[in-house]
Amino acid sequence: MSHQQITSDTLYAAIAGVIQQARQQVRQVVNQQMVQAYWHIGRLIVEREQQGKERAEYGKQQLEQLSQRLQNDFGKGFDVTNLRNMRRFYLAFPIQETLSLELSWSHYNLLTRLENASARAWYMREAAQQSWSVRALDRQIGVLYYERLLASKDKALVEQEARQKTAGLPDDPREFLRDPYILDFLDLQDKTYQESDLEQAIISNLQQFLLELGKGFAFVERQQRIRTDDGDYFIDLVFYNFHLKCFLLIDLKMHKLSHQDVGQMDMYVRMYEAHKRRPDDNPTIGLILCSEHNNTVARYSVLSESKQLFASKYMTELPSEEELQRELAREREKIQRIQEAAAAYQLNTTH
């Protein structure tokens, strides 16, 4: 290849980069202006045409007339449905300064359908921070990500999340792990799959699995080997969390949680601490992903008191919202029982 060709290719690459960057900036500006404009349109509809009151019959007639005029002058993007969406947008986010301009109008169309104001704010913040696509946001809402996250915390943490504190996330693994994990994207239709198939499906869908894992996780290795004097041991999946600054070991089990599973993970974590953990890392976390919980094992094994070992259920099919709600209710009841037992124990020890 000639020097002239190399120079030409380099010049083209530089110019192409400038063009792509400029187009991206234009798209971002257009998106921000669209979100701001639609918010203002929603405000005008609510405040000026409805005098700030939700009067459906009055609003329907006014919107139809307004829509017809706007479509004649500005196109089909201002039909009655879109005007209603803009009005709903303003009602859901009445304070303009709280809007995240990193999100698109399509993101906000999803968010405004949520009745829970705390959930709306949380999903908006997470979608912006994690750069969720509209499809990713839709899925996380569909599998009740917010509700499952709250169900995995104790009462104090739930109250903290409900207050929407933004000062930062505490360095507690419970803030980053949840239960259950919904792995419907693995598309494991054949019920005869083995643990190796489950592991391979996760690797093949790693991006979606990271999304389901949550905030700050990065993939490290599959079947990571730890060499000891007595032989080699292999850990199914290893991740690293940049918020917790620690490794996460995942062991996949296709059966109900057993005390052998807990003992094995406890051993893996101890070996990882001795052979893999770096001096500037926080303590390693072990997560057992099993097809079914075992409350007895959870209560009477090291899981009940360890800050490094956890067990969660995984589901390879997307459950209905009713099934998820029942699952969350069971988790909340379990947390409440644990809190009541701890409170009773503390009361007994103080007397």
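In this structure the side chain of Tyr146 never reaches within 4.5 angstrom of the side chain of Leu114, judged on heavy atoms. When side chains are defined from C-beta on, His259 does not count as touching Asn294, because their heavy atoms never get closer than 4.5 Å. Counting heavy atoms from C-beta on, the side chains of Asn85 and Asn109 come closer than 4.5 Å. A 4.5 Å side-chain heavy-atom check between Lys313 and Glu292 finds every atom pair outside the cut-off.
The backbone N or O of Glu102 lies less than 3.5 Å from no partner atom in the side chain of His107, so there is not a single donor-acceptor pair. Of the possible donor and acceptor atoms, one in the side chain of Tyr314 sits under 3.5 Å from a partner among the backbone N and O of Lys253.
Under the 4.5 Å side-chain heavy-atom criterion for ILVMFWY residues, no single connected hydrophobic cluster contains both Phe234 and Leu287.
Annotation for Asp280: atom CG counts as buried by contact number, over 12 foreign heavy atoms lying within 6.0 Å. Summarising the local packing, CD of Gln260 is surrounded by more than 12 heavy atoms from other residues, nucleotides or ligands at distances under 6.0 Å. Counting heavy-atom neighbours within 6.0 Å of Arg278 CZ, excluding the residue itself, gives a total above 12.
Using the six-membered ring where Trp is involved, Tyr38 and Trp105 have ring planes that are perpendicular, over 60° apart on the 30 and 60° scheme. Relative ring orientation between Tyr145 and Trp122 is described as perpendicular, the plane-to-plane angle rising above 60° on a 0-90° scale split at 30° and 60°.
Residue Ser301 is tested with Thr296, Val262, Leu257 for a side-chain contact (heavy atoms from CB on, under 4.5 Å); the sole match is Val262.
In this view, Ser204 and Gln200 satisfy the side-chain hydrogen bond (donor to acceptor under 3.5 Å, both in side chains) rule, not counting sequence neighbours.
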Could you go through residues 89-97 and list every donor-acceptor pair under 3.5 Å that involves a side-chain atom there, pairing it with any protein atom two or more places apart or in another chain?
unit_1: Tyr90; atom_1: OH; unit_2: Glu47; atom_2: OE2; d: 2.8
unit_1: Gln96; atom_1: NE2; unit_2: Gln36; atom_2: OE1; d: 2.4
unit_1: Gln96; atom_1: NE2; unit_2: His40; atom_2: NE2; d: 3.4

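Separation of atoms CE (Met86) and CH2 (Trp39) is listed at 14.5 Å; rounding is to 0.5 Å.
Taking the ring centre of Phe209 as origin, the terminal cationic atom of Arg222 falls outside the region bounded by 6.0 Å and 45° from the ring axis.
Using modelled atom types, one finds no donor on one side chain facing an acceptor on the other under 3.5 Å when comparing Gln140 with Glu126.
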